[in-house]
Amino acid sequence: MGREPQALPLKVLAAEFVTSATSVAGVPSDPGPRIALVGRSNVGKSSLINALAGRAIARTSATPGRTRLANFYRVTLAASAGAGGRRSIVYLVDLPGYGYARGGHGAQFAFAQLAEELFAEKGLAAALLVVDARHPGLDADRRARDWLAGRGLAFGVVATKVDKLSRAERARAIREIAATLEGPALAFSAATGEGRDELWSMIAELGRARAERPARE
Ligand code: GTP
Ligand code: MG
């Protein structure tokens, strides 16, 4: 995995697993925006968290359906040059993937129900919709997009595994994903670290979008 130090706009001071929740009862209540990772099983959500954190805090696996609970990770960030040691905290929430065939209908429902509760009751700030750059336009991703949009949630689309595509294929894939999911898609690779800075910027923006939104009734 790409771990070369880069000139990051944000520096990760600490990153750790906090808790796994099967229901809203177990969710941490301290402040800090919560960004949920939404995407098909095996798409690379946990790998993306590790790439963002710059360390392996989330369990990844070639076997789909690895993440079955909502796993909360706390990332402490420092703004780099001249920010006078200012810190901020962001929670990344790894949700179970959807579209995992062996889990069948029940597993799909478990995802929707948990996600529904978390977004409604626990102030999940926003989501990253993670899709596979090699498979633009999947129905399941389109439904997830509609689910997020239908709830008025701020979300950004991340097309991961771009390392598996040529330059030309990648450009086409990003265009197709943007068209089918009706918004810009960010090219990302957990394997090479490509897109990491841009993704942190997207997360910062999503956190702000939430802060500016009026509280729910
Ligand atoms: P579930 O927890 O089952 O929903 O899966 P997940 O979305 O968390 O996927 P995970 O991060 O476990 O990654 C699944 C597989 O894809 C693993 O074998 C990863 O090594 C691989 N993978 C993830 N991201 C990338 C990437 O950017 N590039 C490449 N080449 N492989 C990746
Ligand atoms: Mg996972």
Side-chain angles (χ1 to χ4, degrees), residues 1-4 6 15-22 34-75 91-115 118 124 127-136 138-145 147-148 155-167 169-171 173-174 177 181 185-200 202-203:
M1 306 281 268
R3 289 284 149 72
E4 311 84 62
Q6 299 171 7
E16 69 257 330
F17 168 74
V18 181
T19 191
S20 284
T22 47
R34 287 117 219 277
I35 309 289
L37 280 291
V38 173
R40 277 188 311 128
S41 193
N42 216 38
V43 72
K45 299 176 297 298
S46 301
S47 301
L48 181 148
I49 287 177
N50 290 338
L52 277 174
R55 58 211 85 181
I57 50 175
R59 215 176 289 164
T60 65
S61 163
T63 313
R66 172 78 253 176
T67 308
R68 288 161 187 271
L69 305 162
N71 292 323
F72 284 72
Y73 299 90
R74 181 171 41 228
V75 182
Y91 283 90
L92 299 175
V93 185
D94 200 3
L95 294 177
Y98 50 78
Y100 170 44
R102 198 145 67 86
H105 224 69
Q108 198 86 322
F109 179 70
F111 160 76
Q113 194 185 33
L114 180 58
L118 287 167
L124 257 62
L128 295 175
L129 176 55
V130 187
V131 303
D132 190 325
R134 297 169 300 173
H135 306 296
L138 294 177
D139 275 354
D141 291 334
R142 174 73 213 190
R143 281 196 296 274
R145 184 245 163 236
W147 189 88
L148 291 164
F155 65 94
V157 177
V158 185
T160 193
K161 304 194 184 181
V162 290
D163 58 282
K164 294 190 181 237
L165 296 177
S166 70
R167 290 253 150 220
E169 289 170 334
R170 171 189 312 201
I174 295 295
I177 290 166
L181 299 181
L186 176 67
F188 183 83
S189 166
T192 65
E194 178 180 345
R196 183 176 180 263
D197 294 1
E198 292 83 353
L199 186 49
W200 270 123
M202 182 189 266
I203 289 170

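Remember, it's 1-based here, ligands and their atoms both numbered in the order they're listed. Both backbone and side-chain heavy atoms feed into the values below; hydrogens, waters and symmetry mates do not.
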query = Under 4.0 Å from any heavy atom of T160, which atoms of ligand 1 are there?
reply = 27 (O)
task = For ligand 1, find out whether one of its N or O atoms is nearer than 3.5 Å to an N or O atom of G44.
result = yes
ask   = Just which atoms of ligand 1 are under 4.0 Å from any heavy atom in D163?
value = 26 (C), 27 (O), 28 (N), 29 (C), 30 (N)
task = Look at atom 14 (C) of ligand 1 and find which of I49, L37, N42 reaches it with the closest heavy atom.
result = N42
query = If we only count N/O pairs under 3.5 Å, is F188 in contact with ligand 1?
reply = no
key: Metal check, the Mg ion (ligand 2) vs S46 N/O/S, cut-off below 2.8 Å   = yes
Ligand-residue contact atoms, ligand 1 with S41, heavy atoms, under 4.0 Å = 1 (P), 3 (O), 4 (O)
ask   = Can you name the closest pair of heavy atoms from T192 and D163 and give their distance?
value = CG2-CB, 3.9 Å
message = Give me the atom names and distance for the closest heavy-atom approach of L138 to H135.
response = CG-O, 3.5 Å
task = Return yes if some donor-acceptor pair links the side-chain N/O of R196 with the main-chain N/O of L52 below 3.5 Å, else return no.
result = yes
remark   = Quick look: T60 vs ligand 1, heavy-atom contacts under 4.0 Å, and the answer is both
key: Non-hydrogen atoms of R40 and K45 that approach each other most closely   = O-NZ, 2.8 Å
Numbered atoms and elements of ligand 1 in range of A190, under 4.0 angstrom, heavy atoms = 24 (N), 26 (C), 27 (O)
request  = Could you pull out the closest heavy-atom pair between A159 and I177, with the gap in Å?
outcome  = CB-CD1, 3.8 Å
task = Report yes if D94 has an N/O atom closer than 3.5 Å to an N/O atom of ligand 1; otherwise report no.
result = no
Proximal candidate to atom 23 (C) of ligand 1 [heavy atom criterion; set S47, G39, G97] = S47
message = Taking the side chain as everything from C-beta on, heavy atoms only, tell me whether I203 gets closer than 4.5 Å to L128.
response = yes
inquiry  = List the residues meeting ring-ring contact (aromatic ring centres under 6.0 Å, His included) with Y73, not counting sequence neighbours, and say none if there are none.
reply    = F17
ask   = Is the shortest distance from a heavy atom of S189 to ligand 1 less than 4.0 Å?
value = yes
task = Decide yes or no for R145 and V131: does some side-chain heavy atom of the first lie under 4.5 Å from some side-chain heavy atom of the second?
result = no
